[in-house]
Amino acid sequence: MAAKVAYADVEVGTELPAGTFPVDRAALVRYAGASGDFNPIHWNERFAKEVGLPDVIAHGMFTMAEAIRVVTDWAGDPGAVMEYGVRFTKPVVVPDDDRGAEIAVSAKVAAKLDDDERTVRVDLTATSAGQKVLGMSRAVVRLA
């Protein structure tokens with residue numbers, strides 16, 4: 001695959017289509033199995049509360065993966081992401097109810113980095129329950 005968005009068509013400030021991603025306990029169990037991260041804070045409410053958390057929380061890497069979907073969907077190719085980094089600022093708390101939680105993600109092109117390489121820096125904002133859950137969330141993306 002190759003990126004579908006043309007570098008020449010993108011300006012600093014271009015907003016990517018936002019995304020909202022639901023998270024429930026079943027998703028956390030599936031992610032635990034796929035990643036091998038069975039830390040009980042991600043599935044055991046009693047344990048999570050005993051260690052001072054408000055409830056079960058989503059895996060940080062799960063949250064990161066959900067957020068970058070806004071960029072990969074926009075670019076049209078997951079391989080277009082050359083770099084990606086975040087700081088974890090708040091956990092995504094996932095209650096045991098019919099709704100679970102949501103991760104809301106917005107993003108915009110913050111800089112055009114290299115005309116020859118056709119790379120841009122995309123800054124992401126990810127929130128859950130009105131709180132920013134990722135800080136310094138940035139991706140370098142190679143465009144068409």
Side-chain angles (χ1 to χ4, degrees), residues 1-7 10-114 117-144:
M1 295 179 73
K4 296 177 182 176
V5 177
Y7 179 81
V10 174
E11 298 298 329
V12 171
T14 298
E15 293 187 17
L16 284 60
T20 301
F21 307 100
V23 186
D24 61 15
R25 298 275 180 96
L28 299 183
V29 171
R30 287 190 301 272
Y31 183 82
S35 69
D37 181 352
F38 293 102
N39 187 324
I41 63 173
H42 303 303
W43 57 269
N44 185 313
E45 184 174 334
R46 178 184 46 79
F47 183 84
K49 288 181 176 182
E50 283 177 0
V51 298
L53 295 168
D55 208 329
V56 165
I57 63 170
H59 302 73
M61 297 302 284
F62 175 90
T63 303
M64 236 180 122
E66 291 294 87
I68 198 66
R69 288 174 56 189
V70 166
V71 177
T72 59
D73 289 350
W74 170 71
D77 178 11
V81 176
M82 300 173 59
E83 296 176 26
Y84 179 43
V86 307
R87 290 194 180 149
F88 300 107
T89 57
K90 298 277 185 190
V92 175
V93 178
V94 183
D96 187 16
D97 59 18
D98 293 336
R99 294 185 327 262
E102 288 185 336
I103 302 168
V105 182
S106 61
K108 67 179 179 179
V109 175
K112 292 183 96 167
L113 300 176
D114 188 326
E117 292 290 320
R118 303 179 318 278
T119 54
V120 298
R121 189 185 89 217
V122 176
D123 290 355
L124 297 90
T125 301
T127 62
S128 183
Q131 295 197 9
K132 193 172 181 180
V133 295
L134 298 177
M136 298 294 292
S137 184
R138 297 178 172 174
V140 174
V141 183
R142 177 176 286 136
L143 300 177

First locate atom [atom1] of [X], then atom [atom2] of [Y], and finally report the distance between them rounded to the nearest 0.5 Å.
| X | Y | atom1 | atom2 | value |
| --- | --- | --- | --- | --- |
| Phe88 | Ile57 | CZ | CD1 | 10.5 Å |
| Gln131 | Thr89 | CD | OG1 | 8.5 Å |
| Asn44 | Lys49 | CG | NZ | 11.0 Å |
| Glu117 | Leu143 | CD | CG | 12.0 Å |
| Arg121 | Lys108 | CZ | NZ | 9.5 Å |
| Asp77 | Thr72 | CG | OG1 | 9.0 Å |

Inset, instruction - Under the side chain to side chain contact (heavy atoms under 4.5 Å, CB included) rule, what do Thr127 and Ile103 come out as? Steps first, then yes or no, please. - result: CA-CA 6 Å; Thr127 62; Ile103 302 168; over 6 Å; no
Check [X] against [Y] and note the closest heavy-atom contact, atom names and distance.
| X | Y | result |
| --- | --- | --- |
| Ser128 | Glu102 | OG-O, 2.8 Å |
| Thr119 | Tyr7 | O-CE1, 3.4 Å |
| Ala139 | Tyr84 | CB-CD1, 4.1 Å |
| Lys132 | Lys90 | O-CG, 3.3 Å |
| Pro91 | Val133 | O-CG1, 4.0 Å |
| Val86 | Ser137 | CG1-OG, 3.3 Å |

Counting C-beta onward and ignoring hydrogens, is there a side-chain heavy-atom pair between [X] and [Y] closer than 4.5 Å?
| X | Y | answer |
| --- | --- | --- |
| Leu134 | Arg87 | no |
| Val105 | Leu124 | yes |
| Val81 | Val140 | no |

Legend entry - Result of checking Val5, Val70, Val10 against Leu16 for side-chain contact (heavy atoms from CB on, under 4.5 Å): Val70
Inset, instruction - Give a yes or no on whether the backbone of Ala75 and the side-chain of Asp73 come within a donor-acceptor separation of less than 3.5 Å. - result: no
Inset, instruction - Given side chain to side chain contact (heavy atoms under 4.5 Å, CB included), test Tyr31 with Val23 step by step and report yes or no. - result: CA-CA 11 Å; Tyr31 183 82; Val23 186; over 6 Å; no
Inset, instruction - Give me the ring orientation class for His42 and His59: parallel if the planes are under 30° apart, tilted from 30 to 60°, perpendicular past 60°. - result: parallel
Legend entry - Verdict with supporting geometry, Val56 and Leu28, side chain to side chain contact (heavy atoms under 4.5 Å, CB included): CA-CA 9 Å; Val56 165; Leu28 299 183; 3.7 Å; yes
Inset, instruction - Could you please spell out the steps behind the side chain to side chain contact (heavy atoms under 4.5 Å, CB included) verdict for Asp55 and Val94? - result: CA-CA 7 Å; Asp55 208 329; Val94 183; over 6 Å; no
Legend entry - Arg25 and Glu45 ion-paired at < 4.0 Å: yes
